[in-house]
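Note sheet for the following structure.
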There are 2 protein chains.
Amino acid sequence: MEKILKEWEAELRLNGFRITHPFRDVMEVIISSPKPLSPMEIFSKVRDHNPQIGLVTVYRSIEKLEQLDLLDHIHHINECQTVFPSAKAHKHLIICEKCGRSTYLDGLEIESEFKNISKEAGYEITGHWLQLSGLCEECQ
Amino acid sequence: MEKILKEWEAELRLNGFRITHPFRDVMEVIISSPKPLSPMEIFSKVRDHNPQIGLVTVYRSIEKLEQLDLLDHIHHINECQTVFPSAKAHKHLIICEKCGRSTYLDGLEIESEFKNISKEAGYEITGHWLQLSGLCEECQ
DNA sequence: GTGCTTGCAAATTCTTTGCAACTTT
DNA sequence: AAAGTTGCAAAGAATTTGCAAGCAC
């Protein structure tokens, strides 16, 4: 978590953003969460040890991190505003449907199959979006 | 489109819902659209030939159709409130990233590969969610 | 010191709810 | 006639914007 935080801060500084205390608090909460969080969830976690934080700051922090592709928006049934540190390479997310714990998986190679099927439908594929759901070790 | 409309109406009646004019207008707009629509888009299309429709009716119509699984919620970058007639079987959607035209694809068999990869991460897979994006024939 | 960032308050936007009048069955 | 449905208006949520004060560089 310290490692990712350092990376994020470096990237932010490179792009002219400033690292303030409230902003760092938001980043720490996001990075140390095992599951995607909504703006309100982030707000409430940050407030636990920084009571004067404003919800607006959470929204604006998310906005900056998204601009630099450091965050992914995670879509789930009835929940499409949660964020999670982004996958660097081409990975896919698996979410525990009970507790929300999430991880990026590596090694799924499915592109070639997509291409064939899509051609039949007349589409030229440019990207895909795959998310798995299941039960994590603890919840099984 | 007439065929789907008839199916929907039958299913609705079976479940005690009533088919009113405004409700049918909403269904027709959804069914005849080549791309997923947001509540506001549906509202504005219906209003073109039925100026007294209320936006609330659109929301409530969507709610009923969703209850019967006749509609899918389609998630897209920056847009997760659009709806599209649902796939009957186990299909996956492809969305044109330029014009939004969407189609369900058949024949993607990828479950087995998911299972292996996920086991390595300690997850037991219960479902997945896959969406392709690309360019439709016209937009290529 | 300069200029980005914060938090408040207010404004917007999106969605839901209460209710009397109206339709469908 | 009974019961679900509509559209209005108002309430609630969620997100964005304006701005003076504060902080990072």
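Chain letters run A, B, ... following the sequence lines, proteins first and then strands; every chain starts at 1. Not measured: the values here are computed from a predicted model. Atoms considered below: every heavy atom in the structure, side chains included; atoms not considered: hydrogens, waters and symmetry mates.
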Give a yes or no on whether A:H49 atom NE2 has more than 12 heavy-atom contacts from other residues, nucleotides or ligands under 6.0 Å away. yes
B:D48 meets the side-chain contact (heavy atoms from CB on, under 4.5 Å) criterion, sequence neighbours left out, with none
Is there a side chain to side chain donor-acceptor pair (under 3.5 Å) between A:E66 and A:H73? Walk through the geometry before answering. CA-CA 8 Å; A:E66 277 185 316; A:H73 245 99; 2.3 Å; yes
Take A:V56 and B:V56, find for each the nucleotide of DNA chain C with the closest heavy atom, and name the residue whose nucleotide sits nearer the 5' end. A:V56
For residues B:H75 and B:W129, establish whether the separation of their ring centroids is below 6.0 Å. yes
Does C:dT23 have its OP1 or OP2 closer than 4.0 Å to a side-chain nitrogen or oxygen of B:T20? no
Side-chain donor-acceptor pair under 3.5 Å between A:E79 and A:T82, yes or no? no
Pair A:K3 + A:E7, salt bridge at N-O below 4.0 Å: yes
Would you mind reading off the distance between B:M40 atom CE and C:dC14 atom P, rounded to a whole angstrom? 6 Å
So what does B:R13 hit on the nucleic acid, given a heavy-atom distance under 4.0 Å: a base, only sugar-phosphate, or nothing? sugar-phosphate
Nearest-nucleotide 5' precedence on DNA chain D, B:R18 against B:G54: B:R18
For DNA chain D, which nucleotides open and close the run of contacts to chain B, 5' to 3', at under 4.0 angstrom from a non-hydrogen atom? D:dA3 to D:dA9
